[in-house]
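Below, chains carry the letters A, B, ... as their sequence lines are ordered, and counting in each starts from 1.
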There are 2 protein chains.
Amino acid sequence: MKHFSEISPSAERIVDVAESLIQNVGFNGFSYEDIARIVGIKKPSIHHHFATKAELVTVLTQRYTHRFREQLLHVEAGNRNPLERLRAYAQLFEATYATQQRLCLCGMLGAEIDTLPESINAEVKRFFKINLEWLRDIITTGQQQQLLKTMPAEEMAMLFIGALEGSMVVGRGMNSDHGPQKAAKTLLDCWTV
Amino acid sequence: MKHFSEISPSAERIVDVAESLIQNVGFNGFSYEDIARIVGIKKPSIHHHFATKAELVTVLTQRYTHRFREQLLHVEAGNRNPLERLRAYAQLFEATYATQQRLCLCGMLGAEIDTLPESINAEVKRFFKINLEWLRDIITTGQQQQLLKTMPAEEMAMLFIGALEGSMVVGRGMNSDHGPQKAAKTLLDCWTV
DNA sequence: GTCTATACTTGGATAGAC
DNA sequence: GTCTATCCAAGTATAGAC
């Protein structure tokens with residue numbers, strides 16, 4: 001399996017398009033033909049870069065998680081306060097949703113998980129694991145600094161990411177702009193001491 | 001378009017199977033062939049009952065919302081306390097999730113909304129609208145009785161249903177049993193005065 | 001790296017017999 | 001209400017030329 005850091009510029013354009021397609025229509029909602037049309041090439045050219053759809057999406061999800069981790073570092077670097085970090089974290093989801101009501105890639109794939117190749121499932125699982133651990137640590141720090149209510153940090157982390165993911169699903173379902181940012185604001189208003 | 005209350009027993013079995021398929025694999029994840037195999041009939045027999053997939057799923061979603069409303073009445077009848085009502089409401093989602101990690105039908109369809117016929121989209125929207133209004137009223141009552149924190153009830157309603165929907169998506173993505181019930185518990189622990 | 005041509009399968013849908 | 005037979009389009013994938 002290819003690694004996302006070793007792909008050519010052409011392959012990268014394919015990955016970019018495929019990623020946004022999944023966020024809007026899901027794994028089962030797009031085809032190589034759709035990518036081909038948008039990128040401006042033919043179907044077999046995509047197979048040259050990614051032999052199967054499973055491989056394409058696996059690589060793409062690895063890249064997504066990698067970039068997300070980089071953004072987490074950026075959130076940490078730009079914000080000292082745990083509360084500000086949580087707000088900045090929510091902004092990552094808001095930025096996604098603000099772009100054509102895109103869902104979190106792994107949120108969409110999570111919903112479709114029963115239809116996906118195992119290599120993708122493992123990546124989705126890893127994405128959430130990383131996020132939950134990061135959130136748990138930030139929340140724990142916030143509690144130690146008495147900025148956040150004292151409750152099990154693991155539960156709060158699950159609630160936080162679930163609320164962000166869910167706000168996008170419900171927001172899309174209603175064609176509403178009420179998304180992750182508002183959800184996070186309301187939740188943090190409950191959590192701040 | 002057929003109405004769900006007028007369908008024959010055979011049609012009802014088809015709707016039952018299609019409903020659970022959507023909850024597990026999404027609109028784009030199943031075919032008439034899948035339904036046929038599970039029900040034990042042939043593809044064209046399904047077309048006899050529902051000319052198109054769009055019609056089948058539209059009717060099915062109408063039935064889902066109708067049944068959900070009935071359950072809301074049941075929740076109201078069985079619980080006087082607004083807090084208990086919210087807990088019982090969350091249990092509706094938990095019961096779904098506990099069955100093979102099924103998602104809320106409209107949560108799944110909401111994620112796929114860009115790929116669906118407009119007649120389905122309208123039903124999904126209606127489902128969420130009904131739920132949000134119901135939640136808002138319960139929450140408002142809870143606030144009047146000083147059982148719940150005072151915050152904008154509309155925002156709390158969005159957060160509540162979003163957290164439930166999202167807990168299922170994340171829970172599936174991680175293959176975890178951490179679902180709606182735990183999310184609701186954590187959230188209500190924040191909301192109770 | 002991209003193309004044309006093609007193979008094979010599945011998916012949605014229809015016609016018409018029983 | 002269900003079946004067989006069939007149609008057509010789309011989806012995934014491969015072979016081989018440029």
Just how far, in rounded Å, is P of dC3(D) from OH of Tyr32(B)? 15 Å
Whole angstrom value for the distance that separates C1' of dA13(D) from CD1 of Ile35(A): 14 Å
For Phe30(B), report the nucleic acid contact type (base, sugar-phosphate, nothing); a contact means any heavy atom under 4.0 Å. sugar-phosphate
Nearest-Å distance, NZ (Lys42(A)) to C1' (dC18(D))? 16 Å
Does Ser45(A) reach a base, just sugar-phosphate, or nothing at all? Heavy atoms under 4.0 Å. base
Could you go over nucleotides 5-9 of chain C and give all protein N or O partners under 3.5 Å, atom names and distances?
none

Inspect the contact between Arg126(A) and Glu123(A) and indicate whether a charged nitrogen and a carboxylate oxygen are less than 4.0 angstrom apart. yes
Take atom CZ of Phe50(B) and atom P of dG12(C), then tell me their distance rounded to the nearest Å. 15 Å
Is Lys182(A) salt-bridged to Glu154(B), going by a charged N under 4.0 Å from an acidic O? no
Among the candidates dG1(D), dT4(D), dT12(D), find the nucleotide nearest to the side-chain atoms of Ser8(B). dG1(D)
Does His48(B) make a side-chain N or O approach to OP1 or OP2 of dT2(D) shorter than 4.0 Å? no
Measure the distance from CD on Glu55(A) to P on dT12(D) and round it to the nearest whole Å. 15 Å
Without decimals, in angstroms, what is the distance between Arg37(B) CZ and dG12(C) P? 12 Å
Tell me whether the side-chain N/O atoms of Ser10(A) come closer than 4.0 Å to OP1 or OP2 in dG1(C). yes
Picking from dG12(C), dG1(D), dC3(D), the nucleotide nearest the side-chain atoms of His47(B) would be dG12(C)
Considering only heavy atoms from C-beta outward, does the side chain of Asn131(B) approach that of Tyr89(B) to under 4.5 Å? yes
Strictly by modelled atom types, are His66(A) and Glu70(A) linked by a side-chain donor-acceptor pair under 3.5 Å? yes
Let's see if you can work this out: which of dC3(C), dG12(C), dT2(D) has an atom nearest to the side-chain heavy atoms of Ile41(A)? dC3(C)
Step-by-step side chain to side chain contact (heavy atoms under 4.5 Å, CB included) determination, Phe27(A) to Met108(A): CA-CA 8 Å; Phe27(A) 181 88; Met108(A) 180 64 91; over 6 Å; no
Starting the side chain at C-beta, find the nucleotide from dT2(D), dC3(C), dA13(C) nearest to Lys53(B). dA13(C)
For a quick check under 3.5 Å, do Gln62(B) and His3(B) share a side-chain donor-acceptor pair by atom type? no
Decide, yes or no, whether a salt bridge links Asp34(A) with Arg37(A) under the criterion of side-chain N to carboxylate O below 4.0 Å. yes
Rounded to whole Å, please give me the gap between CD in Glu33(B) and P in dA10(D). 20 Å
Between dC3(D), dT4(C), dT2(D), which nucleotide has the shortest distance from any of its atoms to the side chain of His49(B)? dT2(D)
